[in-house]
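Accompanying notes for the structure given below.
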Amino acid sequence: MISVLLSIFMMFVSNTMRADDVISQFRILGGELSNSAATSVSDIDEVLPRMKALGLNTVLVPVYWEFLEPVEGQLDFTLVDRTIEVARQQGLKIVPLWFGAWKNSMSCYAPAWFKRDVKRFPRAVTAEGKPLEIASCLSGNVLQADLKAFSALMQRIAEKDPQREVVILMQIENEIGMLESARDHSPLAEKAYRQPVPLALLKALDIKKQGNWSEVFGTDDYTDEKFMAWHYACYVEHLAKAAKRIHNMPLYVNAAMNSRGRKPGEYPSAGPLAHLADIWKAGAPSIDILAPDIYDTGFKSWVSQYAMPLRPQDGGKVKNRLFIPESRCCENSGVRALYAFGEHQALGFSPFAIDQASPKETESVTQAYNLLSQIFRLKTSAVANSSLFTLHSSLNTWGLLFDQDDKERIIDDEGVVMTCRHYFTLPWDPRATDGSTWPEGGAMLIRLGKYDYLLAGSGVVVDFKTRTEKQQEQQKKLGEDGFAEAGNKTSNFKSQTSKFTGSRLGLLSVDEVTIDHQGQMQFLRRHNGDQSHQGRHARISVGDWKILHIQLYEYK
């Protein structure tokens with residue numbers, strides 16, 4: 001009997017739903033628009049239907065302070081209203097991105113009246129006294145101007161979408177952080193730096209020592225970064241509290257990664273980075289999610305830092321739910337999405353500038369989102385209303401993501417040992433050895449019950465063994481036909497003359513399926529013979545996107 005019901009409530013948010021219900025029940029199959037894609041009504045009218053056609057259910061759309069308040073105190077909601085209107089027509093969800101005081105560290109989207117008045121709205125300053133195009137987060141005037149505009153935006157969204165049918169999540173600012181200097185050295189910042197570290201922060205970090213920032217933390221760039229992280233977080237908390245009073249919905253902040261060995265200030269110092277998560281959680285408790293923008297290599301490592309697990313001291317709540325609002329839009333985007341949902345039960349995935357990407361790049365997103373949409377609605381007859389993607393389902397789903405260097409993962413699921421590999425580890429595909437770079441292969445692997453699995457993805461191969469069988473597995477070099485090379489009798493484990501003990505697992509069936517809109521699996525075709533290498537494995541070729549229903553049996 002199937003032990004786990006796979007039922008994703010792809011319901012839309014009602015007026016009775018709490019903000020955190022969106023995080024637990026909706027899955028964002030998203031894409032973020034390029035920065036200038038929503039600066040006119042005609043652009044909005046063109047781009048949102050195109051995003052719907054790509055298979056997205058959610059679009060991340062910039063909202064620009066300079067357009068919202070071109071004259072101080074005079075608000076223009078034309079672009080916001082049109083975005084909500086067209087999204088509703090298209091059946092899309094929207095995540096507005098508030099390009100307010102900061103966008104990629106800089107204050108480039110602040111209105112002209114704000115930029116020109118540097119006395120009222122002071123800039124951050126480097127240690128050498130160089131003023132930056134970065135508004136100082138220590139300035140009360142900067143905060144109040146930003147807060148006023150942002151609050152007006154939230155009020156307008158509440159009026160236009162009172163039941164949260166369209167706007168489901170809000171990003172506050174964009175990639176906050178200091179550049180050129182690890183911290184602000186303006187007069188306001190210097191004064192604050194000499195003050196005692198707030199007791200609330202010391203308590204959150206479990207630090208007993210008291211004193212000013214240098215006395216508690218030292219005098220290096222990382223002390224400067226902690227100082228700025230606290231003040232950025234406290235600034236954001238003012239906006240977050242106001243937002244939830246006006247129109248309660250989940251809120252997040254996004255981070256540019258501290259990658260490539262760079263130091264604070266070389267990357268955007270003090271943003272909502274994983275190593276500063278405790279500071280950000282303490283300074284901005286109204287923020288629901290700290291989200292990574294992933295453009296560098298090492299995708300699996302980055303997401304693991306932001307999928308922060310349950311801790312006893314968190315009172316049963318996840319410390320941070322994984323949401324990837326920006327990822328490089330490329331041919332690997334689709335399999336990366338499958339990995340994020342399968343391995344970490346992500347809230348959502350969103351390639352950046354998807355509106356400008358080539359068809360070759362968006363194809364993988366469309367294909368993966370099609371599979372994920374099917375998986376999210378899959379139901380069984382066991383328990384009609386339980387869900388696979390609860391926050392406690394990590395033992396029942398896995399994400400697979402492989403490339404040329406990281407090509408294998410072994411999973412032991414209660415005695416079922418699954419060896420998962422990149423498809424090009426099979427010997428017969430010429431692309432495996434022609435010298436070209438392997439495209440990434442990836443999938444979501446789901447346990448439906450004992451000896452019952454789903455595999456949804458592209459470019460992967462999985463075999464299934466008992467533990468004892470795996471321990472006695474003979475490692476042979478295979479020829480291009482998939483059979484042992486002539487005369488090859490080597491084994492990494494036991495001699496071939498050793499007596500086999502225990503039981504084995506076999507493939508009872510491997511069926512390619514689709515999942516209909518009622519959540520029921522529909523048979524397409526049986527994979528057997530050559531398609532399963534005579535019962536040795538289940539596989540999905542590179543470039544193919546499939547859902548396989550795999551049933552096993554045990555024999556001696």
Side-chain angles (χ1 to χ4, degrees), residues 1-7 338 342 371 374-375 377-383 386 388 393 395-400 408-423 425-426 428 441-474 476 478 481-483 500-516 518-541 544-556:
M1 182 176 181
I2 294 177
S3 63
V4 179
L5 171 68
L6 304 178
S7 171
L338 287 159
L371 298 186
Q374 293 182 62
I375 291 295
R377 61 180 179 248
L378 178 63
K379 297 179 181 179
T380 70
S381 58
V383 184
S386 66
L388 171 68
S393 66
L395 293 179
N396 299 317
T397 73
W398 301 266
L400 307 178
E408 179 180 286
R409 179 182 182 184
I410 298 175
I411 299 168
D412 188 330
D413 179 33
E414 298 181 5
V416 176
V417 181
M418 297 173 280
T419 302
C420 313
R421 299 186 179 96
H422 194 290
Y423 178 78
T425 58
L426 296 175
W428 50 76
M444 176 185 288
L445 179 61
I446 303 163
R447 180 189 181 192
L448 301 179
K450 186 175 182 180
Y451 300 160
D452 194 357
Y453 295 88
L454 280 186
L455 179 69
S458 177
V460 295
V461 57
V462 183
D463 68 45
F464 302 83
K465 291 181 169 62
T466 63
R467 284 176 185 159
T468 55
E469 182 182 6
K470 183 67 176 177
Q471 290 167 359
Q472 299 170 86
E473 182 179 49
Q474 296 174 349
K476 300 178 181 178
L478 302 182
D481 57 2
F483 298 107
F500 182 88
T501 59
S503 60
R504 300 188 67 191
L505 286 179
L507 291 178
L508 191 63
S509 60
V510 179
D511 292 337
E512 186 178 344
V513 299
T514 60
I515 299 166
D516 65 24
Q518 287 70 49
Q520 302 301 315
M521 277 193 283
Q522 300 297 326
F523 174 86
L524 282 180
R525 61 187 58 87
R526 176 65 50 88
H527 285 216
N528 206 340
D530 290 346
Q531 280 63 55
S532 67
H533 197 194
Q534 286 48 251
R536 292 178 175 86
H537 58 232
R539 71 176 188 260
I540 306 171
S541 301
D544 289 342
W545 298 83
K546 296 177 180 178
I547 301 175
L548 301 182
H549 181 208
I550 303 160
Q551 294 184 298
L552 312 174
Y553 72 102
E554 188 173 356
Y555 66 97
K556 292 185 178 181

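Sequence positions, counted from 1, serve as the residue numbers for this chain. Everything quoted here is computed from the prediction, not taken from an experiment.
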Side chain proximity check, I540 to Y423, heavy atoms < 4.5 angstrom
no

Quick one, E408 and T419 - any side-chain contact, counting heavy atoms below 4.5 Å?
yes

E414 vs R447 side-chain heavy atoms within contact, under 4.5 Å:
yes

With the side chain counted from C-beta on, respond yes when C420 and V460 share a heavy-atom pair under 4.5 Å apart, and no when they do not.
no

Closest heavy-atom pair and its distance - S532, G535
OG-N, 2.9 Å

From CA spacing to verdict: side-chain contact (heavy atoms from CB on, under 4.5 Å), D452, H549
CA-CA 8 Å; D452 194 357; H549 181 208; 2.6 Å; yes

For a quick test of your reading: what N or O donor-acceptor pairs under 3.5 Å do the side chains of residues 503-513 make, sequence neighbours left out?
unit_1: S503; atom_1: OG; unit_2: E554; atom_2: OE2; d: 2.5
unit_1: R504; atom_1: NE; unit_2: E469; atom_2: OE2; d: 2.8
unit_1: R504; atom_1: NH1; unit_2: Y555; atom_2: OH; d: 3.3
unit_1: R504; atom_1: NH2; unit_2: E469; atom_2: OE2; d: 3.2
unit_1: S509; atom_1: OG; unit_2: Q551; atom_2: OE1; d: 3.4
unit_1: D511; atom_1: OD1; unit_2: R526; atom_2: NE; d: 2.2
unit_1: D511; atom_1: OD1; unit_2: R526; atom_2: NH2; d: 3.3
unit_1: D511; atom_1: OD2; unit_2: R526; atom_2: NH2; d: 3.3
unit_1: E512; atom_1: OE1; unit_2: R525; atom_2: NH1; d: 2.9
unit_1: E512; atom_1: OE1; unit_2: H527; atom_2: NE2; d: 3.0
unit_1: E512; atom_1: OE2; unit_2: R525; atom_2: NH1; d: 3.1

When you measure from the side chain of S458 to the backbone of G441, do you find a donor-acceptor pair of N or O atoms at a distance under 3.5 Å?
no

Using the side chain to side chain contact (heavy atoms under 4.5 Å, CB included) rule, pick out the option among I446, V461, L400 that qualifies with L455.
L400

Quick check for you: to the nearest 0.5 Å, what is the distance between R377 atom CZ and Q518 atom CD?
9.0 Å

Side chain to side chain, D463 and R421, heavy atoms closer than 4.5 Å:
yes

Using the side chain to side chain contact (heavy atoms under 4.5 Å, CB included) definition, which of the options L552, L548, V462, L448 pairs with Y453?
L552

Could you tell me whether the side chain of I547 reaches within less than 4.5 Å of the side chain of L524, counting heavy atoms only?
no

With sequence neighbours left out, write down each residue that passes salt bridge (Lys or Arg N to Asp or Glu O under 4.0 Å) with R409, or none if nothing qualifies.
E343

Go through the steps for H533 and L426 under the test side-chain contact (heavy atoms from CB on, under 4.5 Å), then give the verdict.
CA-CA 10 Å; H533 197 194; L426 296 175; 5.9 Å; no

On a heavy-atom basis, which atom in L371 and which in A456 lie closest, and how many Å separate them?
CD1-C, 4.1 Å

Is there a donor-acceptor contact under 3.5 Å from the side chain of Q522 to the main chain of D516?
no

Residues two or more places apart in sequence or in another chain: which of them pass side-chain hydrogen bond (donor to acceptor under 3.5 Å, both in side chains) with K546?
none

How many angstroms lie between CG in L445 and CG in D413, if you round to the nearest 0.5 Å?
8.0 Å

